Amino acid sequence: MNNIPKYILWALMAVTILFAVLFFFGSEETVKCNGIDFEAPTFTSMFIGLAFVFIAIATLATLGLAGLSFGNKVASNPKAVAIPMIAFGVLAVLLLVTYFAADTTKMNIIGYEGSQEPWVYRLTNMCMVSAFVLATVAVICTLCSSLVKKF
């Protein structure tokens, strides 16, 4: 029973190696982008699909195990979940503020023919600004923790 995660990891590694070999050493096809022809691996879409599957597995596993851990903490010590709930609330407020402050004007990117829906631009802008804010907070916390240790 303890070897099941090891076997699963080996199977995922084998699938990844197989797809990598197909991607790098498989056939090529001519693809046209913005009027320019170039050679691309035939299995590119399958490789991207595999990446999406792995991201979905990782996301579901992370959220599921985090939920189990949170449930165990609530059952054992309800007061211990106050700080994670505050952090979750701050994150929710950050996402709401950045969502409603996001810009919905059309992006002018050469060769971009994607969705013209305003909610796509709003969501993209929200994610970018939230990532910048969180990265800034991470850098500040890292610098402050280093300074606190010195004194």
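Everything numeric in this text was worked out from a predicted model, so none of it was measured.
Residue Ile83 places its CD1 atom among 12 or fewer non-hydrogen atoms of other residues, nucleotides or ligands, all under 6.0 Å distant.
Taking both residues in full, the closest heavy atoms of Thr142 and Ser145 are given as O-OG, 2.9 Å, listed atom of the first, atom of the second, then distance. In terms of heavy atoms, Phe54 sits closest to Leu12 at CE2-CD2, 3.5 Å.
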Distance-only donor-acceptor hits, side chain of residues 124-132, under 3.5 Å, sequence neighbours excluded:
residue: Thr124; atom: OG1; partner: Val120; partner atom: O; Å: 2.8
residue: Ser130; atom: OG; partner: Thr98; partner atom: OG1; Å: 2.9
residue: Ser130; atom: OG; partner: Met126; partner atom: O; Å: 2.8

Identify all side-chain donor-acceptor contacts of residues 35-48 below 3.5 Å with residues at least two apart in sequence or on another chain.
residue: Glu39; atom: OE2; partner: Thr30; partner atom: OG1; Å: 2.9
residue: Thr42; atom: OG1; partner: Ser27; partner atom: O; Å: 2.9
residue: Thr42; atom: OG1; partner: Ser27; partner atom: OG; Å: 2.8
residue: Thr44; atom: OG1; partner: Pro41; partner atom: O; Å: 2.8

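Under the 4.5 Å side-chain contact rule for hydrophobic residues, Leu143 and Val148 do not share a cluster. Under the 4.5 Å side-chain heavy-atom criterion for grouping Ile, Leu, Val, Met, Phe, Trp and Tyr, Leu94 is not connected to Val139 through any hydrophobic cluster. Grouping the Ile, Leu, Val, Met, Phe, Trp and Tyr side chains by contacts below 4.5 angstrom, directly or via other members, places Leu50 with Phe25. Linking ILVMFWY residues whenever their side-chain heavy atoms come closer than 4.5 Å, directly or via other members, leaves Trp10 and Val15 in distinct clusters. Hydrophobic clustering, with ILVMFWY side chains joined whenever heavy atoms are under 4.5 angstrom apart, groups Met13 together with Phe19.
Taking CG of Leu9 as the start and CG of Asn3 as the end, the distance is 11.5 Å to the nearest 0.5 Å.
Within the 3.5 Å criterion, the main-chain N or O of Leu65 finds no donor-acceptor partner in the side chain of Ser69.
Other residues sharing the hydrophobic cluster of Ile140, ordered by chain and number and joined by side-chain separations under 4.5 Å: none, the residue standing alone.
Between Phe70 and Val81 the shortest side-chain heavy-atom distance falls below 4.5 Å.
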